[in-house]
Amino acid sequence: MSTPSSKETILNIFLEGISSVKPKNLFQNKLKWDNTILAVCDKIYDLSKYANIYVIGAGKASAYMALEVENILGEFISDGHIITKYNHGCHLQYITITEAAHPIPDENGLAGTQKIIDIAQKANENDLVICLISGGASALMIDTPSDLSLDDLRVVNELLINSGATITEINTVRKHLSEVKGGQLANLIYPASCLSLILSDVVGDPVDVIASGPTAPDSSDFNEATRILKHYGLYKHIPESAKHHLLLGMADVIRDTPDEFHPCFKNTHNHLIGNNLVALEGATIYAKSLGFDTHIITDSLEQDYKAVTGFIIETIKQYVENRKNSKPICLLFGGEPTIKINGKGLGGRNQHLALYLATKISDTQNVIILCAGSDGTDGPTDVAGAIIDSSTVNNAALQRVDIKGFLDNFDSFHFFEKVGGHVYTGPTQTNVMDLIVVLIK
């Protein structure tokens with residue numbers, strides 16, 4: 001067995017967790033296909049009764065989800081289109097792909113979304129529309145209501161992402177500046193039947209929040225979206241057109257998102273096929289096979305990175321003090337910590353969390369920590385995250401690198417570029433929030 005301080009070991013534990021939530025493995029576990037009968041979780045679909053089967057969707061994992069649907073249904077697919085992040089695509093035979101920008105939307109996302117809308121609107125009551133939804137779709141599946149421009153939405157998205165708001169709050173605003181989010185895609189599909197396969201990147205797996213819930217009933221409204229913007233001090237900074245749109249919504253001039261009583265949801269079935277806990281369980285199996293005393297601590301991290309750091313450090317102390325055998329320990333955390341960006345540096349929440357954690361374990365010789373995004377990218381960078389241990393701070397000091405300066409400027413990417421510790425995976429084909437792996441010798 002590799003030693004607990006091995007960076008290769010901690011990386012492999014992370015990668016095994018990621019493997020368990022790749023579409024190929026998830027679809028094998030959740031979908032069964034026999035002749036014309038498709039079983040999804042606990043529901044049976046007889047595809048022979050539909051005149052057409054369409055496949056649409058968006059998200060960082062949507063291309064490989066589409067590939068698995070093609071492997072199952074093949075020529076049964078009448079038409080389809082999905083949107084994924086740049087460099088996250090793959091070759092498909094029956095379904096077309098648009099690659100677009102994330103997390104700030106672009107023209108490609110706008111064009112791809114129009115293709116999805118076209119397919120949704122041509123489906124009739126004798127058709128089935130399969131929606132493939134994964135994290136990232138809120139930015140990738142982007143539309144512009146008549147009074148808004150793409151630039152307007154880009155400004156609002158960037159303000160929200162950097163505000164420290166939770167994903168639920170961010171997506172509440174996004175839903176009310178859209179005509180496809182917040183159950184509105186299901187309404188476009190209606191009266192056709194809608195089958196959504198959803199890969200969760202949100203704590204608690206709320207289908208109305210994941211990807212801004214395009215096929216889920218929405219209980220939020222324009223008033224709530226406006227309150228969120230005001231709470232974070234963003235309302236005064238958003239474009240006037242966005243303010244006007246929200247005001248029209250609050251005045252009932254613009255129809256609000258459909259709630260659970262809307263008729264479109266009679267024909268809509270949302271199925272959760274994977275989440276962060278599945279990844280943690282996959283990592284657990286592998287870590288135990290290596291001889292680690294392994295524990296899943298939580299799959300629900302969503303506090304500020306400083307609070308998350310305190311929780312991780314305290315958990316490490318508890319397990320060290322209460323250990324009952326000589327086995328090395330593996331602690332697993334999942335979720336999506338938040339950061340409110342004040343500096344002008346480059347990085348992401350995982351790199352920033354790792355850098356902050358490094359300052360707290362500089363005197364601890366027997367601990368190594370990995371913080372990384374399950375999709376293989378952390379913020380606007382091409383790395384998944386970083387690995388740190390007690391040597392991180394020492395190496396920085398030897399190279400005369402000012403950790404505090406990099407933390408204050410939110411420039412974790414360039415810190416790890418100088419000192420070492422980056423985790424490179426490339427696109428992973430999936431997206432179930434972040435994983436934090438702690439190994440204790």
Side-chain angles (χ1 to χ4, degrees), residues 1-15 17-18 283 287 290 292 301 304-317 319-320 328-333 337 339 341-374 376-426 428 434-441:
M1 184 189 75
S2 301
T3 62
S5 60
S6 167
K7 293 185 178 180
E8 181 180 359
T9 299
I10 200 168
L11 178 59
N12 286 339
I13 292 171
F14 168 73
L15 292 175
I18 298 307
L290 296 178
F292 285 93
L301 293 176
D304 174 79
Y305 73 96
K306 288 186 177 180
V308 168
T309 294
F311 176 63
I312 292 171
I313 296 300
E314 184 59 32
T315 304
I316 291 171
K317 289 179 180 177
Y319 274 86
V320 169
I329 298 170
C330 175
L331 306 178
L332 298 168
F333 305 77
I339 58 172
I341 298 173
N342 297 313
K344 297 182 179 180
L346 180 65
R349 62 179 176 268
N350 286 287
Q351 293 166 83
H352 192 76
L353 174 63
L355 181 53
Y356 190 69
L357 274 165
T359 66
K360 304 301 180 183
I361 66 165
S362 58
D363 296 327
T364 307
Q365 299 300 315
N366 298 320
V367 175
I368 181 170
I369 303 175
L370 175 148
C371 305
S374 60
T377 55
D378 184 40
T381 72
D382 62 352
V383 301
I387 297 172
I388 56 103
D389 58 19
S390 62
S391 69
T392 303
V393 170
N394 294 332
N395 289 341
L398 289 172
Q399 296 180 49
R400 296 183 180 179
V401 173
D402 176 20
I403 290 184
K404 186 178 184 302
F406 281 92
L407 275 171
D408 290 346
N409 199 35
F410 288 79
D411 199 17
S412 53
F413 176 84
H414 291 116
F415 173 87
F416 287 110
E417 192 175 50
K418 290 176 177 292
V419 176
H422 268 145
V423 173
Y424 290 91
T425 64
T428 61
D434 305 331
L435 276 69
I436 299 165
V437 184
V438 177
L439 300 185
I440 306 168
K441 189 172 180 179

Are the side chains of Ile316 and Thr364 in contact, using a 4.5 Å heavy-atom criterion? no

Could you walk me through whether Asp411 and Leu346 satisfy the side chain to side chain contact (heavy atoms under 4.5 Å, CB included) test, starting with their C-alpha distance in whole Å, then the side-chain angles of each, then the deciding distance to 0.1 Å, before giving a yes or no? CA-CA 5 Å; Asp411 199 17; Leu346 180 65; 4.0 Å; yes

Within-4.5 Å side-chain heavy-atom neighbours: Phe311 and Leu301: yes

Please say which of Asn12, Ile10, Ile18 ends up in a side chain to side chain contact (heavy atoms under 4.5 Å, CB included) with Phe14. Ile18

So His422 and Phe416, would you call those rings parallel, tilted or perpendicular, with 30° and 60° as cut-offs? tilted

Once you round to the nearest 0.5 Å, how far does OG1 of Thr392 lie from CD1 of Ile368? 8.0 Å

If you apply the rule side chain to side chain contact (heavy atoms under 4.5 Å, CB included), what do you find for Leu370 with Leu11, and how did you get there? CA-CA 7 Å; Leu370 175 148; Leu11 178 59; 4.2 Å; yes

Could you measure the distance from the CG atom of Leu290 to the OG atom of Ser6? Nearest 0.5 Å is fine. 9.5 Å

For the atom pair CZ (Phe415) and CD (Gln399), what is the distance rounded to the nearest 0.5 Å? 8.5 Å

Does a side-chain heavy-atom distance below 4.5 Å link Phe292 with Thr9? yes

Member of Ile369, Thr309, Val393 meeting the side chain to side chain contact (heavy atoms under 4.5 Å, CB included) criterion with Lys360: Thr309

Aromatic ring proximity His414/Phe406, centre distance under 6.0 Å: no

Mark yes or no for whether Asn350, through its side chain, and Ala372, through its backbone, hold a donor-acceptor pair below 3.5 Å. yes

To the nearest 0.5 angstrom, please state how far the OH atom of Tyr424 sits from the OG1 atom of Thr381. 8.0 Å

Keeping Asn409 on the side-chain end and Lys344 on the backbone end, is there a donor-acceptor pair under 3.5 Å? yes

Between Ala386 and Ala354, the two heavy atoms sitting closest are CB-CB, 4.0 Å

Straight-line distance of Leu353 CG to Asp434 CG, nearest 0.5 Å: 8.5 Å

Dump the intermediate steps for side chain to side chain contact (heavy atoms under 4.5 Å, CB included) on Cys330 and Val437, then the final yes or no. CA-CA 7 Å; Cys330 175; Val437 184; 4.0 Å; yes

Looking at Asp378 and Arg349, would you say the former's side chain and the latter's main chain have a donor-acceptor pair under 3.5 Å? yes

Any side-chain heavy atom of Ile313 sitting closer than 4.5 Å to one from Leu357? yes

Taking side chain as C-beta onward, heavy atoms only, is Val320 less than 4.5 Å from Val367? no

Find the distance between CG (Leu355) and OG (Ser412) and round it off to the nearest 0.5 Å. 6.5 Å

Are Ile341 and His352 side-chain neighbours, meaning at least one heavy-atom pair lies under 4.5 Å? no

Locate the shortest heavy-atom distance separating Val308 from Pro337; write the atom from each residue and the value. CG2-CB, 3.9 Å

Go through Phe413 and Asp382 one step at a time and tell me if the side chain to side chain contact (heavy atoms under 4.5 Å, CB included) criterion holds. CA-CA 10 Å; Phe413 176 84; Asp382 62 352; 4.0 Å; yes

Give me the atom names and distance for the closest heavy-atom approach of Lys418 to Val401. CD-CG2, 4.3 Å

